[in-house]
S.K.: 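Supplied in structure tokens, the structure appears directly below.
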Amino acid sequence: MSGVAVHLEGLRRTFGTVHALDSLDLEIAAGELIALLGPSGCGKTTALRVLAGLEDADGGRVLVGGKDVTRLPANRRDMGMVFQAYSLFPHLTALENVEFGLRLRGRRRVPGRAAAMLDLVGLSTFGDRYPHQMSGGQQQRVALARALAIEPAVLLLDEPLSALDAKVRVQLREEIRRIQTEVGTTTLFVTHDQEEALAVADRVGVMRAGRLEQLAPPAEVYQQPASAFVADFVGLSNRLPGVVADSSITVLGTSLPLVTPAPAGPATALVRPEAVDVAPAADGEGSVLTSSFLGATSRVTVTVGETLVVAQVASGLLPSLTPGTAVRVTLQPVPVALDVSVN
Amino acid sequence: MAGVIARRHRKQRIFRWAVLVVLGIFFLLPLAAMVEFSTRNAETWPLLVNWPKLSDTYPDLAEGIVSSLEQAALTAVLMLVLLVPTAIWVRLRLPKLRRLVEFLCLLPLTIPAIVLVVGLAPVYAWVTYFLGGSSLTLVFAYTILVLPYAYRAIDAGLSGIDVKTLAEAARSLGASWTTVILRVVLPNIRSAVLSAAFLTVALVLGEFTIASLLNRTNLQVSIELLGKSSATMSVAVSLAALLLAFVLLLLLSLAGDRRRSTKENS
């Protein structure tokens with residue numbers, strides 16, 4: 001089974017004075033998994049709900065497989081949805097939950113199909129359990145099986161992992177990716193967790209104030225953020241003062257290429273902690289302020305004159321970087337974005 | 001210290017029993033008197049359980065019993081048909097109106113029955129004009145009368161589940177609104193619906209003022225009428241009606257208990 005393409009065209013939605021969607025355009029290719037990422041209130045959930053038909057758009061069109069479904073009610077849109085809150089029907093067992101949508105469609109061989117879907121999410125032995133007898137992760141798996149059982153044109157995931165604890169979250173997001181690739185359903189995944197978005201998506205759409213700030217593959221969003229907002233929201237960034245000249249910026253004595261051209265003059269560069277190298281040096285201009293152990297890597301805060309620089313270092317280096325140590329700070333020459341909000 | 005606590009516990013226990021005994025006497029004495037009075041004539045109770053003979057001897061009473069049962073059943077149905085979709089709709093689409101709806105539903109409780117009748121009389125002139133003077137037309141007034149209790153019960157049931165998410169999940173799976181209400185929401189608020197229905201039945205079986213003042217027949221009106229001709233029979237019927245209400249309320253609390261215990265098992 002292969003998916004169908006989805007096209008959101010100039011979607012607008014206003015709540016009071018807030019523009020939840022401000023002429024949002026988004027094209028999802030058939031079988032693609034797009035993650036919408038953004039801070040709360042950026043409109044990502046509204047976009048998903050408009051696509052699902054649970055929310056009406058004030059303007060714009062929703063096209064699924066080339067067909068205009070903007071005016072179609074939710075129950076006739078053919079979309080499978082997994083919610084942030086646990087949404088299994090409490091009075092039905094896991095199997096009956098999965099069968100629910102199939103029975104509404106009058107499909108034949110319902111139990112077989114439902115059992116196969118439970119098998120797909122690895123819960124084939126849990127068919128006769130009630131929702132309150134399952135863990136949160138298991139409930140969300142059943143919800144995923146229920147959404148996929150009806151062979152929807154589009155799969156919608158509305159922060160499905162945010163109620164789960166960290167370990168289950170990572171496990172389940174990998175499973176979602178595996179199943180989505182296997183089934184090939186076009187998928188929209190809404191999340192505020194950047195790690196989640198980068199890990200599962202074919203393309204990540206970073207949203208801000210009802211618009212898409214950038215829509216690109218995860219690596220591109222991370223390495224070449226289209227704007228300061230994206231650079232700031234996706235991953236940690238240092239704000240380092242520098243001087244722009246000839247499409248590069250000189251920060252702490254190093255010339256860094258710019259993601260987007262900027263006029264010459266003073267500016268603030270957004271530099272990733274992993275692009276900062278720190279080494280102990282007696283004549284170094286920096287001094288370690290704090291260091292914190294995070295597992296495989298560690299984070300070190302260094303003062304260079306008036307500037308604070310956060311660096312990500314291998315944890316093996318940590319013993320040599322105790323607070324007060326004199327260090328030399330060097331920046332890797334990767335493209336950086338400028339923080340326009342300051343200037 | 002332990003002695004003080006033990007003494008306080010004993011005092012509390014004595015106080016509790018004293019309250020229970022006083023209240024028990026207060027409630028049970030009239031009942032005992034009713035039992036005593038209604039058994040003075042040995043034929044009363046056997047007649048009461050013999051329906052054909054009862055309806056022959058006291059046709060008015062039989063009519064009152066039948067109309068009250070019909071009214072109770074119809075009121076419960078009308079109340080559920082009106083209230084369940086409304087309460088769900090208010091929760092899903094008009095959460096801002098919840099306070100207002102709750103207030104409106106509580107109003108009948110604050111208005112004395114007499115005042116209600118004064119207002120209802122002209123309305124019922126039209127009801128009689130269009131639907132006739134059958135006692136069943138009281139169902140409309142009774143539906144309003146039971147709103148405070150029924151709305152509370154159903155609303156409490158709805159707050160126990162995440163109606164919005166469940167409804168949206170069902171909608172996205174292809175369910176119409178009717179399917180959402182019948183197959184997703186109702187099964188999950190079953191005990192709330194049951195308690196609303198039981199309260200309705202208990203209330204309707206005990207209603208006198210409106211029926212009497214609007215010149216309609218029901219159980220209480222016929223008991224009152226009977227009291228003028230056959231005092232023992234009227235007391236016996238009252239007692240039977242009371243016992244029926246007790247049984248209903250007992251069933252209600254049992255239904256509530258079962259719900260709680262299934263939740264505890266989880």
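Every chain is numbered from 1, with letters handed out A, B, ... down the list of sequences. What's counted below: heavy atoms across the whole structure, side chains too, no hydrogens, waters or symmetry copies.
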S.K.: If you apply the rule side-chain contact (heavy atoms from CB on, under 4.5 Å), what do you find for A:Thr191 with A:Leu36, and how did you get there?
M.R.: CA-CA 6 Å; A:Thr191 177; A:Leu36 282 185; over 6 Å; no
S.K.: Examine whether an atom of A:Met81 lies under 4.5 Å from a heavy atom of chain B, and if so say whether it belongs to the side chain, the backbone or both; otherwise answer neither.
M.R.: both
S.K.: For B:Trp89, is the CH2 atom crowded, meaning more than 12 foreign heavy atoms sit under 6.0 Å from it?
M.R.: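 More than 12 heavy atoms, drawn from other residues, nucleotides or ligands, come within 6.0 Å of this atom.
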S.K.: Find the distance between OG (B:Ser159) and CD1 (B:Ile189) and round it off to the nearest 0.5 Å.
M.R.: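 One finds 10.0 Å between OG of B:Ser159 and CD1 of B:Ile189.
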S.K.: Name the residue from B:Val204, B:Leu78, B:Val77 that meets the side-chain contact (heavy atoms from CB on, under 4.5 Å) definition with B:Val139.
M.R.: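 Running side-chain contact (heavy atoms from CB on, under 4.5 Å) over B:Val204, B:Leu78, B:Val77 with B:Val139 returns exactly one hit, B:Leu78.
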S.K.: Sort by residue number and list every residue of residues 135-143 of chain A having at least one heavy atom under 4.5 Å from chain B.
M.R.: none
S.K.: Counting only heavy atoms not in A:Arg76 (residues, nucleotides, ligands), do more than 12 fall under 6.0 Å from its CZ?
M.R.: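 Check fails, neighbour count at 12 or below.
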S.K.: Does the side chain to side chain donor-acceptor pair (under 3.5 Å) test come out yes or no for B:Thr137 and B:Arg216, once each step is laid out?
M.R.: CA-CA 9 Å; B:Thr137 51; B:Arg216 302 302 205 271; 3.3 Å; yes
S.K.: As an exercise, state the distance from CZ of B:Arg91 to CG of B:Asp162, rounded to the nearest 0.5 Å.
M.R.: 10.0 Å
S.K.: Can you tell which of B:Thr165, B:Asn188, B:Leu166 has the highest number of heavy-atom pairs within less than 4.5 Å of chain A?
M.R.: B:Asn188
S.K.: In residues 173-184 of chain B, which residues are in contact with chain A at a heavy-atom separation under 4.5 Å?
M.R.: B:Leu173, B:Gly174, B:Ala175, B:Ser176, B:Thr179, B:Arg183, B:Val184
S.K.: Tell me the residues of residues 41-75 of chain A whose non-hydrogen atoms fall below 4.5 Å from those of chain B, in number order.
M.R.: A:Arg49, A:Leu54, A:Pro73, A:Ala74, A:Asn75
S.K.: Under 4.5 Å heavy-atom distance to chain B, tell me which part of A:Leu88 shows up: side chain, backbone, both or neither.
M.R.: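 Contact with chain B: backbone only.
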S.K.: For chain B, which of A:Leu92, A:Asp78, A:Leu104 has the most heavy-atom pairs under 4.5 Å?
M.R.: A:Leu104
S.K.: Mind running side-chain contact (heavy atoms from CB on, under 4.5 Å) on A:Leu24 and A:Leu21 for me, showing each step along the way?
M.R.: CA-CA 6 Å; A:Leu24 175 76; A:Leu21 295 178; 4.0 Å; yes
S.K.: Does anything in residues 37-92 of chain A pair up under ring-ring contact (aromatic ring centres under 6.0 Å, His included), and if so which pairs, sequence neighbours excluded?
M.R.: A:Phe89-A:Phe100
S.K.: Using a 3.5 Å distance criterion without hydrogens, assess whether the side chain of B:Ser68 forms a donor-acceptor pair with backbone atoms of B:Ile65.
M.R.: no
S.K.: Start with the C-alpha distance between A:Arg113 and A:Glu151, add both sets of side-chain angles, then the distance that settles side-chain contact (heavy atoms from CB on, under 4.5 Å), and finish with yes or no.
M.R.: CA-CA 11 Å; A:Arg113 166 93 183 141; A:Glu151 295 179 55; 3.1 Å; yes
S.K.: So, taking the atom named OG1 in A:Thr187 and the one named CZ in A:Arg177, what distance separates them when rounded to the nearest 0.5 Å?
M.R.: 8.5 Å
S.K.: Going from CG on B:Leu28 to CG on B:Leu31, what distance comes out if it is rounded to the nearest 0.5 angstrom?
M.R.: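 Between atom CG of B:Leu28 and atom CG of B:Leu31 there are 6.0 Å.
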S.K.: Does a salt bridge link B:Glu102 with B:Arg98, judged by any charged N lying under 4.0 Å from a carboxylate O?
M.R.: no
S.K.: So how far is it from B:Ile223 CD1 to B:Phe208 CZ, rounded to the nearest 0.5 Å?
M.R.: 10.0 Å
